[in-house]
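Heads up: the structure comes next, in structure tokens.
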There are 2 protein chains.
Amino acid sequence: MQVSDPEVARLCEARQILNRVGDKWSIAVIYALDGATLRFTELRREVHGISQRMLTATLRTLERDGLVRRTVHPVVPPRVDYELTDLGNTLRGTVCTLMTWAVNHADDIAKARAEYDARPAS
Amino acid sequence: MQVSDPEVARLCEARQILNRVGDKWSIAVIYALDGATLRFTELRREVHGISQRMLTATLRTLERDGLVRRTVHPVVPPRVDYELTDLGNTLRGTVCTLMTWAVNHADDIAKARAEYDARPAS
DNA sequence: CTGCATCCACCCAGATACTG
DNA sequence: CAGTATCTGGGTGGATGCAG
């Protein structure tokens, strides 16, 4: 984008990162892995509504970004464990805070939306 | 989705909320409005790379969710100010934390990616 | 059990042009 | 200045079938 200001460049970079770690499923997965080691199927149950494809893709991205550790156990049937890395754990607190905020303010937002929708069309 | 467990229901609801307030442009806009009142064009400059269409849509959503207040001044030429509401301010801290995290760990993530990509294909 | 490959439908975001 | 309208391409996500 050819930006000279390094501050702007950092923010753009930060946005790209947030776009990845902050997307719908990533947050849910990080939240589910909060202090736990889970298998693929367990995660799929935990993260309600995620498809297998999206869970796989999300885990790959998180693994690639160094936030999640993937451990394959060479047994039959296959067993794969997922857990947060140290880097992932540094995100955990913020993600949990975000989740808590969303839960706590769900009513406020619902109310605001209702009022907005009830407003006379301008 | 017909979930009986209210805990799961709350988390799903929270995910939907996070999906809105946590998307790329919303975070950037909230971050830009941190303690400031900005006009449409000022925001467009501040949030580098956003298109006019996306800025409009993002602001509408944030306004509808009660996070941003939109003030139209009946003057010529038109002047519209945007600022965070009280509810929006409760999100500000977390969003800034998230931004800071992204900035601080950009290098770690870049490094993790490079290592991941350098790994022999399995 | 834990994936990957493929196909496909849909939404979103960007570009562009126009309006009050 | 602050939008709206429309078109369009690409990415995203679901469904399904197959494999190690």
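Lettering of chains follows the sequences in order, A, B, ..., and the numbering in each one begins at 1. Predicted, not measured: the structure shown is a model, and the values here were computed from it.
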Summarise how protein sits on nucleotides 6-20 of chain D as a single string, 5' to 3': B when a protein heavy atom is under 4.0 Å from the base, S for sugar-phosphate-only contact, - for no contact.
B------BBB----B
Whole angstroms only, please: what is the [atom1]-[atom2] distance between [X] and [N]?
X        : N       : atom1 : atom2 : result
His73(B) : dG20(C) : NE2   : C1'   : 18 Å
Asp81(B) : dC1(D)  : CG    : C1'   : 12 Å
His48(B) : dG14(C) : NE2   : P     : 13 Å
Leu55(B) : dA15(C) : CG    : C1'   : 16 Å
Glu42(A) : dC1(C)  : CD    : C1'   : 12 Å
Arg45(A) : dC1(C)  : CZ    : C1'   : 11 Å

Can you tell me how far the CD1 atom of Ile17(A) sits from the CE atom of Met99(B), to the nearest 0.5 Å?
10.5 Å
Distance from Leu84(A) atom CG to Leu33(A) atom CG, nearest 0.5 Å?
5.0 Å
Would you please confirm or rule out a distance under 4.0 Å between OP1 or OP2 of [N] and any side-chain N or O of [X]?
X        : N      : value
Tyr82(A) : dC1(C) : no
Thr41(B) : dA2(D) : yes
Arg44(B) : dA2(D) : no

Residue Arg60(A), side-chain heavy atoms: nucleotide from dG3(C), dG3(D), dC1(D) that is nearest:
dG3(C)
With a 4.0 Å cut-off on N to O distance, would you call [X] and [Y] a salt bridge?
X         : Y        : answer
Arg10(A)  : Glu13(A) : no
Arg39(A)  : Glu42(A) : no
Asp117(B) : Arg64(A) : yes

Side-chain heavy atoms of Glu83(B) within contact of Val68(B), under 4.5 Å:
no
